[in-house]
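Since we're looking at a predicted model, the values are computed, not measured.
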Amino acid sequence: LTAPLHGYTFGNIIYRYEEIKTFDIGPEVSDYISPGKTSLGSLTTGIARDTRDSYLYPLKGSLNNLNLETSADFFGSDYDFIKTTAESDFYFNMIGETVFLIRLRGGTVSTLGRESIPLFEKFYLGGASTIRGYEEGEIAPRSGGKVMGILNLEYKIPLTKSKVFISSLFYDIGNSWEKLSDFEDEGLKRGLGTSLDYNSRFGKMSLIYGYGIDKQKNEIYFNIGNNF
């Protein structure tokens, strides 16, 4: 449920219910999760402000989101946790119709005391939509992160006047931690690379090359849908 609040600002409320079955638990996570069937119910409240001049290819403006998700037995859940995520995208028109994008993301998740936080609600970074140049979910503690932060810098260059093809150069930096104080020991992971986007009538398709600076290894992704 989404409703306008004032000007460029919108509010939303989302109820979520899932039945989850876990099985074939690997030894690397057997200390953190048990096989069986559980239910997850939660209520997310959020607020967003969108001043972009276009949804498809913004030249200027910003998009800011703040969401708070609460899971508790009141919502039919076997889990108790609070998850907060925030994101801010800033678009700057550079030369011609090229665009410089700054994207900031952060999040925390904490338990309300009854149960531990489920692994699948923690933060796992790496992959086409977070820190490129790393495998999907490889940037996280073994039991998942409870705190995360990401900075993405991207320079977008339209290759056609219709903006059907768009090339990008990017630099990503961030990490996921068990607690924020772990930042001093684990620091930040960095990736850079380039991408080619094709905006077809069926949606966006992307071919992405990312180089993980800290592991000195590259990754190639083919993505369908909006990742950036």
Side-chain angles (χ1 to χ4, degrees), residues 1-20 38-92 99 101-132 136-137 139-140 144-154 172-180 203-204 223-228:
L1 176 64
T2 301
L5 298 178
H6 182 268
Y8 300 104
T9 305
F10 298 82
N12 62 76
I13 299 176
I14 301 171
Y15 175 71
R16 168 188 171 200
Y17 181 80
E18 299 176 1
E19 291 189 349
I20 301 157
T38 56
S39 299
L40 192 154
S42 70
L43 186 71
T44 299
T45 56
I47 188 169
R49 178 173 172 80
D50 188 355
T51 63
R52 295 174 298 172
D53 61 344
S54 170
Y55 295 112
L56 297 178
Y57 186 78
L59 293 174
K60 60 182 180 179
S62 65
L63 173 62
N64 301 278
N65 291 283
L66 177 64
N67 292 289
L68 175 66
E69 180 179 13
T70 303
S71 177
D73 55 2
F74 179 80
F75 301 116
S77 183
D78 293 321
Y79 303 98
D80 287 327
F81 65 84
I82 294 179
K83 190 174 189 178
T84 305
T85 55
E87 178 178 327
S88 291
D89 303 345
F90 302 96
Y91 297 84
F92 302 93
V99 173
L101 166 64
I102 300 174
R103 172 170 289 172
L104 293 163
R105 283 176 283 179
T108 64
V109 59
S110 58
T111 180
L112 293 174
R114 187 180 66 169
E115 296 283 347
S116 59
I117 303 165
L119 290 183
F120 44 82
E121 289 301 324
K122 294 183 180 181
F123 301 108
Y124 303 86
L125 307 185
S129 62
T130 55
I131 302 177
R132 292 158 285 189
E136 191 75 32
I139 302 176
K146 297 179 183 177
V147 184
M148 72 89 173
I150 308 171
L151 168 64
N152 306 110
L153 305 175
E154 188 157 345
D172 304 331
I173 185 169
N175 209 336
S176 174
W177 305 276
E178 172 68 21
K179 52 186 182 298
L180 189 57
K204 179 180 175 182
N223 192 74
I224 299 177
N226 288 323
N227 56 303
F228 279 89

So [Y] and [X], do their side chains get closer than 4.5 Å, heavy atoms only?
X    : Y    : answer
S39  : Y17  : yes
Y91  : D53  : no
L43  : T70  : no
S71  : F81  : yes
R52  : Y57  : no
L119 : Y124 : yes
T85  : E69  : no
L40  : T38  : no

Quick check for you: to the nearest 0.5 Å, what is the distance between [X] atom [atom1] and [Y] atom [atom2]?
X    : Y    : atom1 : atom2 : result
E178 : K146 : CD    : NZ    : 4.0 Å
L101 : L153 : CG    : CG    : 8.5 Å
L125 : I150 : CG    : CD1   : 4.5 Å
F10  : N65  : CZ    : CG    : 11.5 Å
M148 : W177 : CE    : CH2   : 9.5 Å
I102 : D89  : CD1   : CG    : 10.5 Å

Original post:
Where do N175 and I131 come nearest, in terms of heavy atoms and distance?
Top reply: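 Heavy-atom minimum between the residues: N-CD1, 4.1 Å.
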
**OP:** Check S176 against G145 and note the closest heavy-atom contact, atom names and distance.
**Re:**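 Shortest heavy-atom separation between S176 and G145 comes out as OG-CA, 3.1 Å.
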
Original post:
Taking it one step at a time, do I117 and K122 satisfy side chain to side chain contact (heavy atoms under 4.5 Å, CB included)?
Top reply: CA-CA 7 Å; I117 303 165; K122 294 183 180 181; 3.9 Å; yes

Original post:
Relative to each other, are the rings of Y79 and F120 parallel, tilted or perpendicular (30° and 60° limits)?
Top reply: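 Geometry flag for F120 against Y79: perpendicular rings.
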
Original post:
Would N67 and N12 count as a side chain to side chain contact (heavy atoms under 4.5 Å, CB included) if you check the C-alpha gap in whole Å, the side-chain angles of each, and the deciding distance to 0.1 Å?
Top reply: CA-CA 9 Å; N67 292 289; N12 62 76; 3.9 Å; yes

Subject >> Expected output: side-chain T84 to main-chain G107 donor-acceptor under 3.5 Å >> reply: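 Absent.
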
Original post:
Between N152 and T130, is there a donor-acceptor pair closer than 3.5 Å when you use the side chain of the first and the backbone of the second?
Top reply: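 At least one qualifying donor-acceptor pair exists.
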
Original post:
How would you list, by chain and number, every residue that makes a side-chain contact (heavy atoms from CB on, under 4.5 Å) with N64, sequence neighbours excluded?
Top reply: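 Partners of N64 by the side-chain contact (heavy atoms from CB on, under 4.5 Å) criterion, ordered by chain and then number, come out as S62, S88, F90.
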
Subject >> Worked check of side chain to side chain contact (heavy atoms under 4.5 Å, CB included) between F123 and K83 >> reply: CA-CA 10 Å; F123 301 108; K83 190 174 189 178; 3.7 Å; yes

